[in-house]
Every structure is written in structure tokens, then in C-alpha cells.
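Structure, as C-alpha cells:
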Amino acid sequence: MKKSKFAKIEKKWQQKWEKGKIFESNISKKPKFFLTIPYPYVNGGPHVGHSFTNFRGDVYARFKRMNGFNVLYPQGFHATGQPIVGAIERLDKKDPVQISTFKLFGASDSDIKNFIKHGPEFTAKYWMKKWIQTLKKGGFSIDWRRSFITTTMTPTYSRFVEWQYNTLKKKGFVVQGTHPVIWCPHDQSPTGDHDRLEGEGESTIEYTILKFRLDSGEVLPCGTLRPETVYGATNLWVNPEVEYVKANVGKETWIISKQAAGKLADQLKKVKIIGKVRGYELMGKQVTNPVTRNKIMVLPASYVDPEAATGIVVSVPAHAPYDWVGLRDLQQNPDQIKKYGLNLDLVLKIKPISLIKVPGFGEFPAVELVEKMRITDQKDKMRLEKATSELYKAEFHKGVLNNLYENYAGKRISEIKEVLIEEFKKMNAIDSIWESTGRVVCRCMTVCHVKILENQWFLKYSDPEWKRLTKECISQMKFYPEEVRSQFLNTVDWLKDKACTRKGGLGTPLPWDRQWIVETLSDSTIYMAYYTLAKLIDQKNIPSKKLTDEVFDYIFSGRGNPIMISKNSKLSKEVLKKLRREFDYFYPVDLRNSGKDLVQHHLTFFIFHHVALFDKKYWPKSIGVNGFVNVSGTKMSKSKGNITPMDELIEKVGADLVRINVVADAEGMNDANWRDESLSGYESRILFLMKLAKDLKKTRRTSIQMVDKFLLSRINEMIKSSAGNYELMKFRSASQFSFFDSVNELKWYLERVGGIKNANRKILTEAISIVIRLVAPLLPHLAEEMNQIIGGKKLVSISDWPKMDEKKSDRKIMEMENVLKKTIDDITNVLKLAGKKEKLYLYFATDKELEYFNQSVDFIKKRFKFKKVSTFRNDDEKKYDPQNKSSKAKFGKPGIFLE
RNA sequence: GCAGGGGUACCCAAGUCCGGUCAAAGGGACAUGGCUUAGGACCAUGUGGCUUAGUGCCUUCGCCGGUUCAAAUCCGGCCUCCUGCACCA
């Protein structure tokens, strides 16, 4: 692989930075600025996808450092939970995808053997080292003394998590409860989106069970999402080919599919199977409708799926396309009726019962829709599904109940559904069963169902007071871009209680119930506070057992008696006070930057936990959010094989080019796009600046001209516009001003003065030195290099941001230069229309323009290769003006005559 | 389904909050000319249409409609793309 031409330069400056310890941040008199980005999960190395968030963090850190802040920019590493454990399991099974992913990031065969041999913690630490190597190569301005890896691998950090949860529990924000989850009966664990072979995005939903009863007292429970249609039930459907079971459910005996029995057993019901019933045995039996008390019949339907709900279905043919088609099929098939020994007359007598009036439909919407869509039989599942969802939606939102409902006639379904369910409950007519919204298959190939977990621990995000505090914090925060604020507020509103513990994977056990481990998103909400302590904890080699809850309470709040606490914890009073001082100096978090996908969970949790655990003065100050990184316009993913490791990229094109190519590509919530073809544009401009810096010694002129003042004016403008955009994390705009516009101004200046020799050394040096500092956050290594070339002694990384000098920013000169540029455009235009000319005559309306242009005659002459250029006031009597062009002259627009 | 953010010329993208100065910054890409032994790099010009000695006009900013002397920008409706939706990092 070809190495970047900047590699040597970058290495050189990285070493100087490290030697000078300039990014190590200690308590000082300067104002501090504390920023963090999420710690990466270490089951692989960094790739371009990480680069956006990471580099944005570093650019901002560098910008703030140059603006007089004592910047703390630390970096930790994350290894809580299942993924790294899963990765090792896959390696063990020789999974080629996992092996190639690790190899992509630079692991060798022997590394991989070691991963399997030494397990997840070893592997996580291996990748942490890789990350640090790459970040150093990228020139990140991180204080490495504060790094750590979660959670139990750093016992002191684990202790910190324990303090966090003990405290949350004391405040009532951690509670125990039950909760439905999608569950794999084989793995005996919840099946999250990422663990699914099939059914990503499916969630849990509660079906109502309508308890129809046989005369014998046994229950035929029907699962439905529309219990309100029970009034229109004409029959039940049972699949004659399926073997059902008879089971004691609570105090009743239910006939249900075998699968349903399994589900109910996982849903807090006592289920005991006591026998079997063949579907066909139920045909023709009479059951009593639990609400209307009407008697209806059990009929056969092949579409009834034993996997779905109870495996028994209530038929409402007027409003359910499936039911109508089932009924129609049966009525047109006397053989079938005979086969199951049903009474032909009774079957033929069944008619749909109309319940709901929907605009656009008559009495029996399902019948109409089936005919309209030409659904031929119950095997036509595609069209039946479509008809069902269409009709259900229409009826739910626009449907109105008819007179069958007595008290509720005329009401909309959407407003009456819950009321009816309550009523049915009181009648002991219903029960419920949980289902997933669609089929979910676990990675282990097992079909999943819903389990109701008991004794799960929850973070009580639903707590109104907690929500209120969080919103109060949000209202005081800054957001970059400001648009995400409403997203945070919305998230706070809809956030419900969240399970915060798990049974498997790496992590910190819940201190009071150690069978549970604090789950990853829940142990990573306030760890920024740990950065402020990490350095001292390492240096003083403080054991975790000395970090008692009392100690943490004192450090984070300042409350408590240090002498007593020191005595109890055996932590020296001096160290205790030092820890407190570190925290108090660096906290709060001034900026947290992250990808936009984290807004709805991590970043919101981050705020929740801070307001719960810390005093107001330690609440976070701002959040920055950015988009993702696409590669050449397509989303990055393992399956597309377009994951580009950051390391490789830095080797190939250099850290600064990678940095600017990502960071300056998009701002706001937009996704950045890695494009190789953009690199040459950056590179050629960088090389131009480098050459200019080297060429400074060739400058000869000492007099000051208008052009010089113009250059300084423009560069001064750039200071302001760059800074404003850097401040708002709008790095694309910042690069526009600091880099592209500045380079264009410098190029224009060189052309105006007629080459480097005719440039004014003092002016040009000043301009370049400003530009170097303006681009330094984006191109830190190359800025250092250029600064050295022009004789700068101090490291740019810790230099002051250039000051905007109002006196040097001369509006009038910029206006004049604009007149000149416009005039040049006009001359170009005329030449194009009129053909080649040799002499130019310009007529000005003001002396000022005349004077300005007189200093630029050589430039104009050279540019158009004129033999002669003459300038006049428009009222000059001695002027040469055969076509009276001087009459066209206005301020800002001189008259032009060419011949 | 719920919530949030988008759709601007060949491509990326600024402009939208605070209507006119917007045929619409900047960057790519392409074309022509210059420079060069050649290639690259660099410089100039051009990239909706017609017109013109430096001008003027018409059409254009997802689609349809509205407000206004005036709309990429304000209002209403529609189409469409992206992100998240929980025990998963």
C-alpha cells in the first residue's frame, strides 16, 4: 500500500505534541471546557463510520483550546454486554464473517487463536489497544491518562456503577416490575432485534381472548384485536387438521393449540395440559357467546393457524374478509359440510351480522371488499391480508357503531374500544394473550413468542418528576444543531420505563440483586464523571473497596464530613479532597457529541441520569449531534463489504486529509459521504498553502498598496465567519471560510500583485499566519508544519485564535475591489462579443475609483494582454472617448471603451 | 403505526427562521482555451433557453393549490427518501 505523502510530517508533530504533554489537562486558573464523545464498543477497530463523531469532537476540542480554554478531552472504551461474548462464540465455531471482520481491522491468525483461548476480556483489551494506536495516528488531542475500559475490567469503574444504581434506587428511580418481551424458548432469553433471523422491528401486542364456552363448561378462547366485534360473531373457526390440547388454565379448562398453551405458560398463567382434542372433533359443537349469550357453531377453516394466538378464531363475516371468505367457501361446499357431519340447513342459514357503519361501504364491508378485490378463496392470503388491514383501519378511525350496541350506538370505535373492553372484563367474558406483531425467529432457528418477565429491574423513566427535571435541563442546554432540541423533548415525553438489567454478558452486577447485570445502555449514562477521577485513581492506585458510596457522594456533591468518610473508607483525606476538587473543577460536561441515532436513547438517558444524580450546577451544558458516514453514496454495512478501517485510510491519505474530508463534508443532521475524488481538491489547496509558506522569502515589495489592505480586510473577515461556524459545530461552513475562501483570496492576491516577488512580505506573512490558525482545528499537523516554515516558534495547537481586527477590515476597500472584479467581468464579456481589442479606456464617476484603478492598471493590462490602458474621470474634458461611453459611468460601474 | 429530519441545477451542497439584492455561494465532474515535450498539476471561461459591447427577457428550487406588487423562502394538501421506536450496542 502506498503511504501518504504527509505521513512523516504527521508523525513528527504527533511526537512533539506527546512530548510536550500539551493535551494533558490539569486543574488550572483558566476556564475549563470538558467535552466527550461516546466510548466505542471494542469488538473491532475504528472505521470511517466512527470517524465523523470522533473527528468532530477533536476539531471542537482544538478550536476551544485555541480560544483560551483548558480543554479536557478524554477517551474511554466500552465492553459491556453480549456482542464481544457472541463474537468469541462465533470464532469458536469458525464463523468466517467474524474471522474476516477481525482480520479486516488487523488481527492476525495467532491473535484470533488468542481471542478464543483467553476470551472476551482479553479480546476487548486487544481492540482497545488498536483503537488507541489508530486515534494517536489520527492526531487526536486526547488526554490519555484518563482512559479506561468498562466495567468489571476496571473494578473502580464498576464500583462507580454500583454507586450510581444504589443512589438511583434510593431516589426511587429503579423499580421492579413485569414486562412482556419477545422470547426465545430455546435460548431462554429475550430476542432483541439484532438477535433475530426473521422479524426485525416486530414488537409485542396484547390480544383479547373472548371466552366462548361449550355446554360442558370448557372454554374455547378466541384471540382477537377487535373484541368489540363480538356482537357480530356468527360462528367459531377451528382448524380440523390440527391437534388441540385440553388444559387447565387457572381454574378453567381451555381448549387451545399446543403452541398457545406454551405461550400462556410463559405469560404468568398456570397451565396444565390434561388431554388432547382433534380439531374435527369440535365441528358442529355449540358454544355460548360470552357477551351476547347467543349460541353459535364451531366450523372448519383451513386458514386457522395454530401458531397465532389461541389457535381458535371467532368469525365476524360482516367485517372480517377472512371470515367472510371462510364462510362463503364452506357454504358453497356441501361435501365439506357433510364430511364433518354438519347440519347443512344450519350452515346455510348463517348470515353476516352488520355492526359498524363505515363511510364508503354498505352494510357488509368485508363482503363488498372481497368482491371488489376478487378474492376467490381462503388460500389467497396476499389479497386477504391487504383487504383486512385496509378495512380494519377504516373501521377503527371512521367506523361508527350501529344500533346493536344500545348504549354506544353512534360512537366511533377509536373512542369506545377501551370502554367496551373494561365492560367485558367485568362480565368475566375475556382474558388476554400477548403476541409479537409478526413472526420472529431467533438466530438459533427457534420461533419466538412473548414472555412476561417478572422481577425485572426498570429505570422509571415514566416518572413525571424525573421527566420534568430532564426537561428543565434541556431548556437550559444548547444543541448543535438547534433542530434536535424538539427531538429530545419528544423523546422525554414518550419514554416509558426501561429494563436496565440483563442475565448474560459482561457488566457490573446489580449491587443488591447480583443475579442481574446492569445492561449496557444503562451503565453508560454518567461515566463522563469518572474521567475527571480516572487520572488520580490510577496515579494513587486507589483500590475499588475504598471507593464507598459515601466517598462518591462526597466527591460528587461535596456533602458529608470528609474526616468521617476518610475514616470509614480508609481513603486518605487528602486524596478524597483532591478527587472532589478534580470533579468540581471539570464538571459539568460542556459538550457531548454523538451520532443522530443516539438521540432517542443514550443521549436522552445521559440527561435523565445527570439530573437524577447531580446538583444543578453539574448538569450537562450542550449536545452536538451529527449524521452517519456513507461510502461513495452507499450506507456502510458488513454485508456490503464496504467497511473501511480508519487505520488503513490514515495510512493511505494521511490523518489531516481523512479528517477534513469527513468533517467538512456535511453539517447539521446530514450524513457525510466519503468520496475519494474529493481528496485531490483538498490536497492541491494544502500544497498551495505549503508552497506559499515556503515562497514567503521570495517577496520583495515593502510599500503598502490597496491590494494589501484588501487582502487583510478579507482575511480578517474570515476570522469572524470561521469562528462563528466552528463555535456552532458547523464545520462544513467553517472550512468554507477558513480554507476554501482563504485560499481563493490568497490566489487572487498573488494574481493581483503579479506574482510572489511583488507581494508585500509583512502583509502576506500576517495573512498566512492567520489562515494557518484558522485551519488548524481541521488540519492540525499541516498547520504546525506551515507554521514552522514561516518561522513560528510556538505550537499552533496551543496558540491563540487570531483576533479580529476591525481597523484592518476596511469595507470601502472591499467595495472597491468588488468594483474592480465586476469591471473585469464586464470587460471579459465585451471582449467575447466584440472580438479581440488592444486598447482599453475606463471612465469613472468618482475620484476614489479612479485612484483605486490607477493602482491596478498593470494587473488589468497583463490579464487581458492589452497594449494600452487609460483611465479618466467621466467629466475629464481632455479624455479620449469617441463613442461617449463615459456617459454610462456610474459609481460602481465605470464606462468601458475598447478598440 | 408513532416521533424527528430531508427532497435545490450533471453530482454533493449553501440559501428557507427574518419573502425582493437568487438563474440561486462553494466544491466536484465535464467542455473549451492557456501553460506544458507529453501526462498531471495550475490558470481563465463555460455548463436552463433566447438575446446583448458590459444587457434584457422567459422558464426553473419534489408535486398541486393558495397568500402577496413580489415566493426556493410564508400557508394548505399530496408524493417520496432517511433515522429511531427499548432490554439491543
Side-chain angles (χ1 to χ4, degrees), chain A residues 38 40-41 43 78-84 86 179 181-182 189-196 201 203-204 389 393 437 453 456-459 461 481-491 493-503 505 519-522 524 595-602 604-605 625 627-628 630 633 635 664-673 675 677-685 687-688 730 732-733 735-737 739-741 744 747 750-751 822-835 837 863-864 883 885 888 893-898:
Chain A
Y41 192 87
N43 61 345
H78 189 37
T80 313
Q82 196 58 43
I84 189 89
H179 186 65
V181 294
I182 293 182
S189 79
T191 312
D193 254 2
H194 295 270
D195 305 325
R196 294 177 192 175
S203 53
T204 58
S389 78
K393 218 183 285 175
T437 49
L453 285 182
Q456 169 64 283
W457 291 95
F458 289 88
L459 284 163
Y461 290 134
E482 173 60 31
E483 291 93 285
V484 289
R485 182 188 298 276
S486 62
Q487 227 180 111
F488 277 99
L489 290 170
N490 275 308
T491 306
D493 276 337
W494 76 243
L495 212 58
K496 297 177 218 121
D497 293 352
K498 183 184 182 302
C500 60
T501 53
R502 257 192 91 89
K503 291 264 165 134
E519 167 275 334
T520 55
L521 279 176
S522 306
S524 305
K596 61 183 173 188
D597 51 331
L598 297 190
V599 172
Q600 288 90 343
H601 24 84
H602 166 73
T604 303
F605 302 164
V625 171
F628 308 132
N630 296 328
K635 213 172 145 177
D665 192 77
E667 58 194 23
M669 306 273 266
N670 294 326
D671 295 343
N673 190 10
R675 268 175 300 213
E677 66 266 30
S678 312
L679 290 167
S680 64
Y682 288 114
E683 187 180 300
S684 66
R685 284 172 178 83
L687 293 175
F688 165 82
K730 291 170 82 174
R732 187 187 166 92
S733 302
S735 78
Q736 182 73 44
F737 292 112
F739 187 64
F740 286 99
D741 287 0
N744 284 347
K747 283 186 178 177
L750 286 185
E751 201 192 335
K822 267 192 193 158
T823 307
I824 285 168
D825 278 351
D826 285 350
I827 297 168
T828 311
N829 221 332
V830 176
L831 283 173
K832 226 186 315 177
L833 294 165
K837 304 282 178 184
R863 185 180 172 102
F864 293 103
Q883 288 189 9
K885 293 287 185 189
K888 281 201 166 188
K893 197 170 174 62
I896 299 168
F897 176 62
L898 286 157

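Just so it is clear, the values below take in all heavy atoms, side chains as well, and ignore hydrogens, waters and symmetry mates. Lettering follows sequence order; numbering is per chain, from 1. Please read these numbers as outputs of a predicted model, since none were measured by experiment.
When rounded to the nearest whole Å, the span between CG of A:Leu679 and P of B:rG27 equals 17 Å. Rounded to an integer number of Å, the gap from CD1 of A:Ile827 to C1' of B:rG54 is 9 Å. Put simply, CZ on A:Phe688 is 14 Å from P on B:rG27, counting in whole angstrom units. The CG-P distance, from A:Leu489 to B:rG5, rounds to 12 Å in whole Å. Per the geometry, CG belonging to A:Asp826 stands 4 Å off C1' belonging to B:rG54, to the nearest Å. The CD1 atom of A:Ile896 sits 10 Å away from the P atom of B:rG54 (whole-angstrom rounding). Distance CG (A:Leu521) to P (B:rA86): 12 Å, rounded to an integer number of Å. Atom CD of A:Gln600 and atom P of B:rA89 are 18 Å apart (whole Å).
When the salt bridge (Lys or Arg N to Asp or Glu O under 4.0 Å) test is applied to A:Glu683, the partners found at least two apart in sequence or on another chain are A:Lys5. Among residues two or more places apart in sequence or in another chain, the salt bridge (Lys or Arg N to Asp or Glu O under 4.0 Å) test is passed with A:Lys503 by none. For A:Phe864, the ring-ring contact (aromatic ring centres under 6.0 Å, His included) test picks out A:Phe866, with sequence neighbours left out. Every residue meeting the side chain to side chain contact (heavy atoms under 4.5 Å, CB included) condition with A:Thr80, not counting sequence neighbours, appears here in chain and number order: A:His78, A:Thr150, A:Thr151, A:Thr520, A:Asp523. A:Lys885 pairs by the salt bridge (Lys or Arg N to Asp or Glu O under 4.0 Å) definition with nothing, not counting sequence neighbours. Under the salt bridge (Lys or Arg N to Asp or Glu O under 4.0 Å) criterion, A:Glu483 pairs with no residue at all, not counting sequence neighbours. Residues satisfying the side chain to side chain contact (heavy atoms under 4.5 Å, CB included) test with A:Ser684, not counting sequence neighbours, are none.
A gap of 46 Å separates the P atoms of B:rA31 and B:rC85, to the nearest Å. Rounded to the nearest Å, the gap between the P atom of B:rG6 and that of B:rC18 is 15 Å. Separation of the C1' atoms belonging to B:rG46 and B:rG4 is 42 Å when rounded to the nearest angstrom. The gap from the C1' atom of B:rA72 to that of B:rU83 amounts to 25 Å, rounded to the nearest Å. With both ends at atom P, the span from B:rA86 to B:rG27 equals 45 Å, rounded to whole Å. Distance check on atom C1': B:rG7 versus B:rC78 gives 14 Å, rounded to whole Å. On the P atoms, B:rA9 is 30 Å away from B:rA3, given to the nearest whole Å. The gap from the P atom of B:rA23 to that of B:rA71 amounts to 12 Å, rounded to the nearest Å.
When each of A:Leu495, A:Leu598, A:Thr491 is checked for a side-chain contact (heavy atoms from CB on, under 4.5 Å) with A:Phe605, only A:Leu495 meets the rule.
Using a 4.0 Å heavy-atom distance criterion, A:Gln82 is classed as a sugar-phosphate-only contact. Contact annotation for A:Phe628: backbone-only contact, meaning every heavy-atom pair under 4.0 Å involves sugar-phosphate atoms and none involves a base. At a threshold of 4.0 angstrom between heavy atoms, the contacts of A:Asn744 are confined to the sugar-phosphate backbone, with no base atom among them. Contacts of A:Gln736 with the nucleic acid, taken as non-hydrogen atoms under 4.0 Å apart, include base atoms. Using a 4.0 Å heavy-atom criterion, one finds that A:Thr823 contacts no nucleic acid atom at all. Residue-level contact check: A:Asp497 touches the bases, meaning some heavy atom is under 4.0 Å from a base atom. Counting non-hydrogen atoms under 4.0 angstrom, A:Leu898 reaches a base of the nucleic acid. Among the protein residues, A:Pro894 comes within range of the nucleic acid bases, having at least one heavy atom under 4.0 Å from a base atom. Residue A:Thr191 is classed as a sugar-phosphate contact, given heavy-atom separations below 4.0 Å to backbone atoms only.
Here B:rA89 is the nucleotide among B:rA89, B:rC87, B:rC12 with the atom lying nearest to any side-chain atom of A:Tyr41. For A:Lys498, the listed nucleotide lying nearest its side chain is B:rA86; candidates were B:rA86, B:rA53, B:rG4. With distances taken from any side-chain atom of A:Asp597 to the nucleotides B:rU83, B:rC87, B:rU55, the minimum falls on B:rU83. Side chain of A:Lys885, nearest nucleotide from B:rG54, B:rA89, B:rA86: B:rG54.
Judged by closest nucleotide on RNA chain B, A:Lys822 is the one of A:His179 and A:Lys822 placed further toward the 5' end. Between A:Ser733 and A:Ser678, the one whose closest nucleotide on RNA chain B sits nearer the 5' end is A:Ser733.
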*Per-nucleotide protein contact string for nucleotides 41-52 of chain B, where B marks a base within reach and S marks sugar-phosphate only (heavy atoms under 4.0 Å, - for neither)*: -SSSS------B
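A sub-4.0 Å separation between OP1 or OP2 of B:rA13 and a side-chain N or O of A:Asn673 is absent. Contact annotation: A:Lys596 does not reach the phosphate of B:rA3 (side-chain N/O to OP1 or OP2, under 4.0 Å).
Looking at A:Lys596 and A:Asp671, their side chains come closer than 4.5 Å, going by heavy atoms from C-beta outward. Within the 4.5 Å cutoff, the side chain of A:Ile182 has heavy atoms near those of the A:Thr204 side chain.
Judged by Watson-Crick or G-U wobble contacts below 3.5 Å, the nucleotide B:rC10 has B:rG28 as its partner.
Judged by distance alone, with hydrogens and angles left aside, A:His601 brings no side-chain donor or acceptor close enough to the base of B:rC85 to form a pair under 3.5 Å.
For the pair A:Thr191 (side chain) and A:Arg196 (backbone), a donor-acceptor distance under 3.5 Å is absent.
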_A:Asp665 and A:Arg675: CA distance, side-chain angles, deciding distance, side-chain contact (heavy atoms from CB on, under 4.5 Å) verdict_ = CA-CA 9 Å; A:Asp665 192 77; A:Arg675 268 175 300 213; 3.1 Å; yes
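Nearest heavy-atom pair across A:Tyr41 and A:Ile84 is OH-N, 3.0 Å.
Near RNA chain B, defined here as any heavy-atom distance below 4.0 Å, the residues from residues 664-672 of chain A are A:Asn670, listed numerically.
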